Amino acid sequence: RDRRPIIAIDGPAGAGKSTVARSVAKQLGLFYLDTGAMYRALTWFVLEAGVDLRDEPAVAELAHQCEIDFQTDTAIPVVLVNGQDVTQAIRTPEVTAHVSTIAAQAAVREALVKQQQSYGRRGGIVVDGRDIGTHVFPDAEVKIYLTASIQERARRRQLDLKSMGQPAANLADLEQAIFERDRKDSTRTISPLRKASDAIEIQSDAMSVADVLNTIVSLYQEKTASLSLDSLEI
Ligand code: CDP
Ligand code: CDP
């Protein structure tokens, strides 16, 4: 083996992937890659440019002009597009409503997946998204499919918005928006959201963030213990 281990976390919107992935990475001393933030960053860039989101050639062109970077030495991880801090801007309801349209396009996925794979070339990384275990890192040592009921995910998203000081959102509207995004993400032709055949499913309705964190850390420790130590120290 020529790289350190990879933990892949996939699942529907609001299941807790990024919260859990960030804490797993911190606990295990691994790098965290938020692939959803990359699709969001490009969506923000396309909206800023005023280009029609369905104009695939124009979006593809923008995908190549959109340089996405992460700053991880800060308390809250910062996302940069061509040097501009877009950490907040990529979480607006407008970006959220359009990201699945951008993420369904072949040229977009090709460009972003290539970047994701180059980040993970040496391993030692926790990656969350929709197609990480199935497509981006199919040989990841630990693959998690993290879910929760749509009611629970809407409730969590409502709490998130509240804590960010955003306008109160109605639970039924949140459920509808999440349902619609999951539908688009799991029915698109290219790399749809799916549980990898070798992924472990965690249904988190009755679990805290710490419960999910501990479950994944244990799975990782079991897995790395069963791989021989010297093959990991590269
Ligand atoms: O955190 P949240 O569930 O709102 O979504 P996200 O992980 O930030 O991802 C935003 C969107 O990006 C998803 O709804 C997908 O359309 C797209 N995405 C994707 O297609 N493939 C990935 N690996 C990650 C995200
Ligand atoms: O990345 P994804 O869209 O899957 O979810 P997220 O952005 O991490 O949001 C999940 C929210 O639910 C966060 O506010 C977490 O604190 C909360 N939560 C969780 O992630 N896991 C649990 N088991 C319980 C709550």
Side-chain angles (χ1 to χ4, degrees), residues 8-25 32-44 46 53 68 76-77 79 86-87 89-106 108-117 119-120 126-138 140 144-164 166 174 177-194 196 202-216:
I9 305 178
D10 292 301
K17 300 179 297 300
S18 49
T19 304
V20 165
R22 197 178 308 125
S23 55
V24 168
Y32 166 48
L33 178 63
D34 180 352
T35 66
M38 298 173 74
Y39 291 94
R40 287 174 175 276
L42 177 59
T43 303
W44 172 85
V46 172
L53 292 147
I68 303 164
I76 297 163
V79 186
V86 296
T87 312
I90 65 170
R91 308 280 164 198
T92 62
E94 196 194 5
V95 169
T96 303
H98 292 109
V99 60
S100 295
T101 303
I102 293 285
Q105 298 177 15
V108 165
R109 300 205 73 83
E110 204 180 303
L112 296 190
V113 167
K114 206 183 281 175
Q115 284 182 40
Q116 293 156 15
Q117 289 173 335
Y119 272 115
V126 183
V127 193
D128 80 322
R130 301 293 186 287
D131 60 340
I132 308 307
T134 53
H135 181 67
V136 182
F137 296 113
I144 305 295
Y145 192 76
L146 183 59
T147 66
S149 67
I150 194 158
Q151 291 80 9
E152 175 64 13
R153 291 184 283 127
R155 197 186 64 81
R156 292 178 187 173
R157 192 48 55 100
Q158 191 180 45
L159 289 173
D160 275 346
L161 291 169
K162 202 168 159 191
S163 73
M164 290 191 292
Q166 300 218 13
L174 284 171
I178 289 175
F179 178 85
E180 192 48 37
R181 195 143 59 93
D182 287 349
R183 190 189 62 74
K184 285 189 185 138
D185 290 341
S186 50
T187 59
R188 69 180 176 225
T189 325
I190 311 161
S191 311
L193 167 65
R194 217 161 34 73
I202 301 177
Q203 211 292 355
S204 70
D205 272 37
M207 293 171 83
S208 67
V209 173
D211 293 336
V212 179
L213 165 70
N214 293 336
T215 305
I216 298 175

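Every value quoted in this text rests on a predicted model; they were computed, and no experiment measured them. Every number for a ligand or one of its atoms is a count from 1 in the order of the listing.
- With a heavy-atom cut-off of 4.0 Å, Arg130 touches ligand 1 through backbone and side chain alike.
- Ionic pairing of Arg153 and Asp182 is present here: one or more N-O contacts between side-chain nitrogen and carboxylate oxygen are shorter than 4.0 angstrom.
- Looking only at heavy atoms of the protein, atom 20 (O) of ligand 2 is closest to Gly16 CA, 3.1 Å.
- Put simply, part of Arg188 is less than 4.0 Å from ligand 1, judged by heavy atoms.
- Atom 19 (C) of ligand 2 has its nearest heavy-atom neighbour, among Asp128, Thr147, Val209, Asp34, in Val209.
- The nearest non-hydrogen atom to atom 13 (C) of ligand 2, considering only Asp205, Val20, Thr19, comes from Thr19.
- Counting heavy atoms under 4.0 Å from ligand 1, residue Met38 does not touch it at all.
- Between the CD1 atom of Ile216 and the CD1 atom of Ile144 there is a distance of 4.5 Å, given to the nearest 0.5 Å.
- Counting heavy atoms under 4.0 Å from ligand 1, residue Arg157 touches it through the side chain alone.
- Remark: Asp185 engages Arg130 in a salt bridge, criterion side-chain N to carboxylate O under 4.0 Å.
- Relative to atom 7 (O) of ligand 2, the option among Ser18, Ala37, Ser204, Ala21 with the closest non-hydrogen atom is Ser18.
- The closest side-chain heavy-atom distance from Gln117 to Val136 is below 4.5 Å.
- Close contacts of ligand 1 with Gly129, meaning ligand atoms under 4.0 Å from a residue heavy atom, involve 22 (C), 23 (N), 24 (C).
- Here the shortest heavy-atom pairing between Ser191 and Arg188 reads O-NH2, 2.8 Å.
- Taking atom 6 (P) of ligand 1 as the reference point, the nearest protein heavy-atom neighbour is Gly36 CA, 3.7 Å.
- Ligand 1 has a nitrogen or oxygen under 3.5 angstrom from a nitrogen or oxygen of Arg40.
- Looking at Ala15 next to ligand 2, an N or O pair under 3.5 Å apart turns up.
- Atom 25 (C) of ligand 2 has as its closest protein heavy atom Arg156 NE, 3.4 Å.
- The shortest non-hydrogen separation linking Ser186 to Pro192 is O-CB, 3.5 Å.
- Counting the atoms of ligand 2 from 1 in the order shown, those under 4.0 Å from a heavy atom of Ser208 are 22 (C), 23 (N).
- Here the side chains of Leu161 and Met164 are in contact, with some heavy-atom distance below 4.5 Å.
- Here the shortest heavy-atom pairing between Val99 and Arg181 reads CG1-CD, 4.1 Å.
- Among protein heavy atoms, atom 16 (O) of ligand 1 sits closest to Asp185 OD1, 2.6 Å.
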Review point. Which is it for Gln158 and Asp160 under the side chain to side chain donor-acceptor pair (under 3.5 Å) test, yes or no, and what are the steps along the way?
Key: CA-CA 5 Å; Gln158 191 180 45; Asp160 275 346; over 6 Å; no
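- Considering backbone and side-chain atoms alike, Gly14 places an N or O below 3.5 Å from some N or O of ligand 2.
- The shortest side-chain heavy-atom distance between Tyr39 and Arg109 falls under the 4.5 Å cut-off.
- Going from atom CE of Met207 over to atom CG of Leu146 covers 8.5 Å, rounded to the nearest 0.5 Å.
- Closest to atom 24 (C) of ligand 1 among all protein heavy atoms lies Thr35 OG1, 3.3 Å.
- Checked options Ile132, Val127, Thr35, Asp128; the residue passing with Lys17 is Asp128 (criterion: side chain to side chain contact (heavy atoms under 4.5 Å, CB included)).
- Remark: among candidates Asp131, Val113, Thr43, the nearest residue to atom 23 (N) of ligand 1 is Asp131, based on non-hydrogen atoms.
- Given atom 9 (O) of ligand 2, the protein heavy atom at minimum distance is Asp160 OD2, 3.6 Å.
- Every atom of ligand 1 with a heavy atom of Ala13 under 4.0 Å away is listed here by number and element: 3 (O).
- Atom CG of Asp10 sits about 6.5 Å away from atom CG of Asp131, to the nearest 0.5 Å.
- Shortest contact from atom 21 (N) of ligand 1 to any protein heavy atom: Arg109 NH2, 3.0 Å.
- When only interatomic distances are considered, the shortest N/O to N/O separation between Tyr39 and ligand 1 does not fall below 3.5 Å.
- Annotation: atom 17 (C) of ligand 1 to nearest protein heavy atom, Ala103 CB, 3.7 Å.
- Between Asp34 and Arg40 no salt bridge is recorded (no basic side-chain N to carboxylate O distance below 4.0 Å).
- Here the protein heavy atom with the shortest distance to atom 10 (C) of ligand 1 is Arg181 NH1, 3.6 Å.
- Contact annotation: Arg153 has no heavy atom less than 4.0 Å from any atom of ligand 2.
- Just one residue in the list Leu112, Val113, Val79 forms a side chain to side chain contact (heavy atoms under 4.5 Å, CB included) with Met38, and that residue is Leu112.
- For ligand 2, the polar-atom distance check against Met207 finds a nitrogen or oxygen pair separated by under 3.5 Å.
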